[in-house]
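Worksheet: the structure to be examined is printed underneath.
Worth saying up front: this structure is predicted, and the values here are computed from it rather than measured. Chain naming here is simple, since letters A, B, ... match the order of the sequence lines and numbering starts at 1 in each.
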2 protein chains.
Amino acid sequence: MDTLVKPEPTVPMACRSCRVRHGGMCEVLGPVELARLAACSRRTRHGSGEALAVESDAVHGYANVTRGTVKLSRVLRDGRQQLVGLQFAPDLMGRLFSSESPLSAEAATEVELCRIPRDVLEGLVADSEGLKQRLLEQALQDLDEAREWMVTLGRKSAVERVASVLLLIATRMGGRDAHGNITLDLPIGRADMADFLGLTIETVSRQMSRLRREGVISVQGHRCVVIHDIEALGARSG
Amino acid sequence: MDTLVKPEPTVPMACRSCRVRHGGMCEVLGPVELARLAACSRRTRHGSGEALAVESDAVHGYANVTRGTVKLSRVLRDGRQQLVGLQFAPDLMGRLFSSESPLSAEAATEVELCRIPRDVLEGLVADSEGLKQRLLEQALQDLDEAREWMVTLGRKSAVERVASVLLLIATRMGGRDAHGNITLDLPIGRADMADFLGLTIETVSRQMSRLRREGVISVQGHRCVVIHDIEALGARSG
DNA sequence: GAACGGATTTGATCGAAGTCAAGGACGGGT
DNA sequence: ACCCGTCCTTGACTTCGATCAAATCCGTTC
């Protein structure tokens with residue numbers, strides 16, 4: 001908000017240059033709390049496709065996403081898969097207060113994490129009123145988003161779903177170019193879009209083509225989408 | 001847990017006989033906090049179908065469900081509807097920290113609420129560490145459930161969805177009869193089941209008939225379902 | 001920059017669920 | 001006990017998205 005950078009005497013070095021220092025959960029932490037975290041946290045990098053957590057495995061710790069995109073998914077016994085969310089920086093990954101992970105997490109792009117051991121974060125949550133409050137707000141917002149997505153999965157047609165996912169990604173990652181168009185570098189391929197939307201790859205592809213034919217978007221290569229008419233895309237999204 | 005009822009000197013009268021006194025959020029409150037609540041809360045009853053909150057309306061307050069079942073839903077601009085959750089006693093209704101309701105709530109059955117004004121609950125949350133913790137746990141669990149339902153909506157076939165909703169209701173409301181069968185009084189009709197499952201009324205009805213033909217369940221009247229083989233129902237649910 | 005391999009697009013056909021249309025059962029009230 | 005309205009079930013047909021099968025695109029490597 002304010003343009004002046006206040007001196008923060010004891011903020012750990014590792015946090016000072018951190019891209020998410022003023023976002024996500026770290027936003028509400030003071031120097032003392034950050035020091036407690038920084039003493040035990042460590043940064044890791046992960047290539048696209050790397051598994052970061054596995055459904056029903058023990059929870060070893062938590063991690064702030066500091067760069068990249070993470071896919072959250074669940075699978076049915078016979079292998080059918082559903083993406084249940086995407087996490088972008090500066091979201092916190094990991095299920096508090098549960099000893100086993102309710103879902104799988106996988107790096108969708110190159111990902112950088114700030115890993116926090118389980119007991120350290122839980123201790124901090126227990127001690128910091130502000131952090132608990134922040135995580136509660138985050139959980140409630142995630143819940144709203146999950147329920148919104150339930151409408152997409154339960155009631156929207158294939159085009160509407162594809163338009164919805166493009167809007168979702170645009171909201172989190174979109175940058176405007178010179179002409180006011182919104183440009184996206186999709187963090188996920190068609191297969192993941194299909195798993196997120198409850199469709200097949202072929203149907204996603206067909207609906208992308210359709211939106212392209214209608215002039216709402218254009219596509220460069222496979223991963224880059226330009227949204228020409230965000231209004232039209234919104235209308236198309238149900 | 002324990003069979004002895006401990007004397008609780010200053011627990012308000014209204015709470016002493018309350019069905020949910022030892023469940024939901026009230027479980028973690030001490031006499032002082034309960035007194036603060038009881039001083040401002042009031043009980044209301046609502047007939048089936050009555051609107052309890054409307055999407056994007058101002059949030060006036062919160063309410064504990066003390067009896068009955070509440071449907072949570074969202075609608076698309078053109079009227080398509082999706083149920084995004086069911087609330088049973090002793091769940092807390094209402095979206096904390098938001099000035100407008102992200103969804104609509106409607107009594108599915110006769111419902112009894114313990115209504116709490118907005119500022120009273122928010123004040124209590126600010127003051128009570130334990131309550132904030134409890135609500136965070138609840139939000140995280142609701143999030144897990146919402147994501148689980150996303151799998152149902154995105155990846156399951158019609159039979160699997162119907163089996164899933166029967167299991168869900170059985171978990172929250174089911175009673176075992178003499179033969180070990182589980183008996184349900186469905187809190188929602190076929191239309192609401194359809195809206196919860198992302199299907200049509202006709203499809204729900206056909207799949208109910210199918211499960212009946214297969215001997216997994218039987219139906220008495222429209223609302224009463226007996227689950228003969230919960231294992232088979234689980235297998236049928238994906 | 002040519003060749004390779006995985007990802008994406010497109011086309012043809014199939015099938016599960018939706019739509020439209022009766023018909024039947026339940027339950028509430030008289 | 002009967003009647004009536006609502007909710008539910010069933011049947012016939014349609015449709016949207018899935019499936020199967022190529023063809024093509026693109027990014028990468030050599």
Side-chain angles (χ1 to χ4, degrees), chain A residues 47-49 71 76 78-82 108-110 152-166 184-214 217-225 236 238, chain B residues 47-49 71 76 78-82 108-110 152-166 184-214 217-225 236 238:
Chain A
S48 164
K71 302 179 297 193
L76 258 21
D78 64 4
R80 281 174 286 175
Q81 181 170 192
Q82 175 71 45
T109 60
E110 282 272 299
T152 298
L153 293 173
R155 289 301 180 203
K156 291 187 187 177
S157 69
V159 219
E160 291 171 336
R161 294 186 201 200
V162 171
S164 298
V165 83
L166 292 177
L184 306 181
D185 235 320
L186 297 180
I188 54 176
R190 302 292 183 271
D192 287 329
M193 287 176 69
D195 280 343
F196 198 21
L197 295 169
L199 298 171
T200 59
I201 295 178
E202 294 94 324
T203 298
V204 171
S205 179
R206 278 187 244 277
Q207 304 309 328
M208 291 281 286
S209 299
R210 180 171 170 181
L211 291 173
R212 186 154 38 76
R213 244 179 290 125
E214 295 175 351
I217 62 172
S218 62
V219 178
Q220 293 164 355
H222 288 140
R223 289 298 183 102
C224 181
V225 172
R236 233 59 192 72
Chain B
S48 163
K71 303 179 296 193
L76 257 22
D78 65 5
R80 279 172 288 174
Q81 184 170 189
Q82 176 69 44
T109 61
E110 283 270 300
T152 300
L153 294 174
R155 289 299 180 205
K156 292 188 187 174
S157 69
V159 220
E160 290 172 335
R161 295 186 201 200
V162 170
S164 298
V165 82
L166 292 177
L184 305 181
D185 235 320
L186 298 178
I188 54 176
R190 301 292 183 273
D192 286 329
M193 288 176 68
D195 281 342
F196 198 21
L197 296 169
L199 298 171
T200 59
I201 296 179
E202 293 94 325
T203 298
V204 171
S205 179
R206 278 187 247 275
Q207 304 308 328
M208 291 282 286
S209 298
R210 180 170 170 182
L211 291 173
R212 185 153 39 76
R213 244 178 289 127
E214 293 175 352
I217 62 172
S218 63
V219 178
Q220 293 165 354
H222 290 139
R223 290 297 184 104
C224 182
V225 172
R236 234 57 192 71

Atom CD1 of A:I217 and atom C1' of C:dT9 are separated, to the nearest Å, by 13 Å
Here the pair of heavy atoms bringing B:Q82 nearest to A:G154 is OE1-CA, 3.3 Å
Identify, between A:H222 and A:R210, the residue whose nearest nucleotide on DNA chain D lies closer to the 5' end.
A:R210
Hey, is the main chain of A:R80 close enough, under 3.5 Å, to the side chain of B:R155 for a donor-acceptor pair?
no
Under a 4.0 Å N-O cut-off, is there an ion pair linking B:E202 with B:R206?
no
Measure the distance from CZ on B:R223 to C1' on D:dT6 and round it to the nearest whole Å.
12 Å
Non-hydrogen side-chain atoms of A:M208 and A:L166 separated by less than 4.5 Å:
yes
Check every strand shown and say whether B:S209 touches a base, only sugar-phosphate, or nothing at a heavy-atom separation below 4.0 Å.
sugar-phosphate
Side chain of A:R206: nearest nucleotide among C:dT19, C:dT10, C:dA17?
C:dT10
Check whether any side-chain heavy atom of B:K71 sits under 4.5 Å from a side-chain heavy atom of B:Q81, and report yes or no.
no
Quick check on D:dA18: is either OP1 or OP2 less than 4.0 Å from any side-chain nitrogen or oxygen of A:T203?
yes
Report the distance from atom CG of B:L197 to atom P of C:dA16, rounded to the nearest whole Å.
18 Å
Measure the distance from CD on B:E202 to C1' on C:dC20 and round it to the nearest whole Å.
8 Å
Nearest of C:dA17, D:dT9, D:dA18 to any side-chain atom of B:L199?
C:dA17
Using whole Å, what does the distance between atom P of nucleotide C:dC26 and atom CE of B:M208 come to?
13 Å
Proximity to the side chain of B:S205 - top-ranked nucleotide from D:dT9, C:dT10, D:dG17:
D:dT9
Taking CD1 from A:I201 and C1' from D:dA22, how many angstroms apart are they, rounded to a whole number?
15 Å
Between C:dC26 atom P and B:D185 atom CG, what is the distance in whole Å?
15 Å
Rounding to an integer number of Å, can you tell me how far A:M193 CE sits from C:dT9 C1'?
14 Å
